[in-house]
Amino acid sequence: MTRSGLRISALMVAVLPFGASCRHVAGIDCRQSRPTAPGEYACTVQGYDDRDFLLRLPPTFDGSKSLPLIIAMHGAAGSKEGYNSLTCQGGDAGNANCLSQVAEREGFLLVYPDGTRISAATAASRTWNSGGGGTRDLRCEHACKDGVDDVGYFRALLAEIAAIVPYDTRRVYLTGFSNGAAMSHRLACEVPDRIAAIAPVSGANLFAGAVACNPSRATPILHIHGDADPCWPYAGGLGQCAADQMNSGAYVSVDETIVGTATQAGWVGRFDCSATATTTMVGKHPRDSYTGCRDGVTVSRLRVLGMGHTWPGGNQYLSTDRIGPSTQDFSASQLIVDFFKSVPAR
């Protein structure tokens, strides 16, 4: 029996249709009820009650070989259930440019994990400890204020995935939106040995703005950010979204994150990249790439002209006066997956 292209069985009670809503979905122990067919599954993480993840297996999955893995981390006040719709034009989960659809076409395993609840009553409103605070009074979300060990959670998540399905440990790629994007930057600082590349969208490196970031190896980076983002301003500083009225603190700029400042190193300096970028265009949007970095990596920033706090090719999930405009000029999902495909196993 099939539903929305998924096989449903008595064992796989946590299988979800591709177009699942944003209601909270509790996971099952997928070590015991192991996925055996392509589809989407909700799974628990041992040692982390209420930090479940969605595991999406592409049509090429048959359990016999290790596939590359993408981990996509939601934004503040988001959850695992809501991420994919953010990446879909009009929120349509059947759109070819949705992250889930692109990852499926390209043969990647895809995981949407959950951050920590903001409150006991808000299962679908969560945050990551992406860093912040400090003497600069940088933005510090609830998980940051609570000192949640999300680096420990990331390691446990990888162990859980490995116990359920085979994945290529040399090809683990991170993306994320806003707070989740900032979390991918933090993980590139703290666990670069577990990561092949990151592609953050609309969220910069808060962690390095507050404490030292000294990674043991360089990580290929593609940072995507709108220059009309009122929530996480491209130039940094205070945000102008409704959420910023409840949670103060400045945001780190894209330039500080990538290039650095006179007093603060960015990725280009940490990785000993060439100080001069090569600029190419993604449609009308400039992509600055810094090469010559150690370990043979490239660091890029894509400045999306006129875009707000959204996912290129994705959903205008709130009005433009609240988050700025979206753009359909290109698909960030396809661009990111193509970038991951271009990075060799590490």
Counting only N and O atoms by type, is there a donor-acceptor contact under 3.5 Å from the side chain of R126 to the main-chain atoms of A123?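 Yes, because the side chain of R126 sits within donor-acceptor range (under 3.5 Å) of the backbone of A123.
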For A76, is there any backbone N or O sitting under 3.5 Å from a side-chain donor or acceptor partner on E141? no
Full working for side chain to side chain donor-acceptor pair (under 3.5 Å) between N84 and S100: CA-CA 6 Å; N84 185 54; S100 290; 3.0 Å; yes
With a 6.0 Å cut-off on ring centres, are [X] and [Y] close enough?
| X | Y | result |
| --- | --- | --- |
| W128 | H74 | yes |
| F53 | Y112 | no |
| F207 | H185 | no |
| H225 | Y234 | yes |

Side chain to side chain donor-acceptor pair (under 3.5 Å) between S79 and D114, intermediate numbers included: CA-CA 6 Å; S79 66; D114 259 342; 4.8 Å; no
Looking at Y41, I'd like to know if the NZ or CZ of R56 sits under 6.0 Å from its six-membered ring centre while staying within 45 degrees of the ring's axis.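 The answer is no, since R56 fails at least one limit relative to Y41.
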Do the ring planes of W311 and F177 sit parallel (below 30°), tilted (30 to 60°) or perpendicular (above 60°)?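 It falls in the tilted class, 30° to 60°.
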F339 versus A199, closest heavy-atom pair with distance: CD2-CB, 4.3 Å
Identify whether the distance between the nearest side-chain nitrogen and carboxylate oxygen of R303 and D255 falls below 4.0 Å.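 Here R303 does not pair with D255 in a salt bridge, since their nearest N and O are not under 4.0 Å apart.
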Under 3.5 Å, is there a donor on one side chain and an acceptor on the other for R117 and S125? no
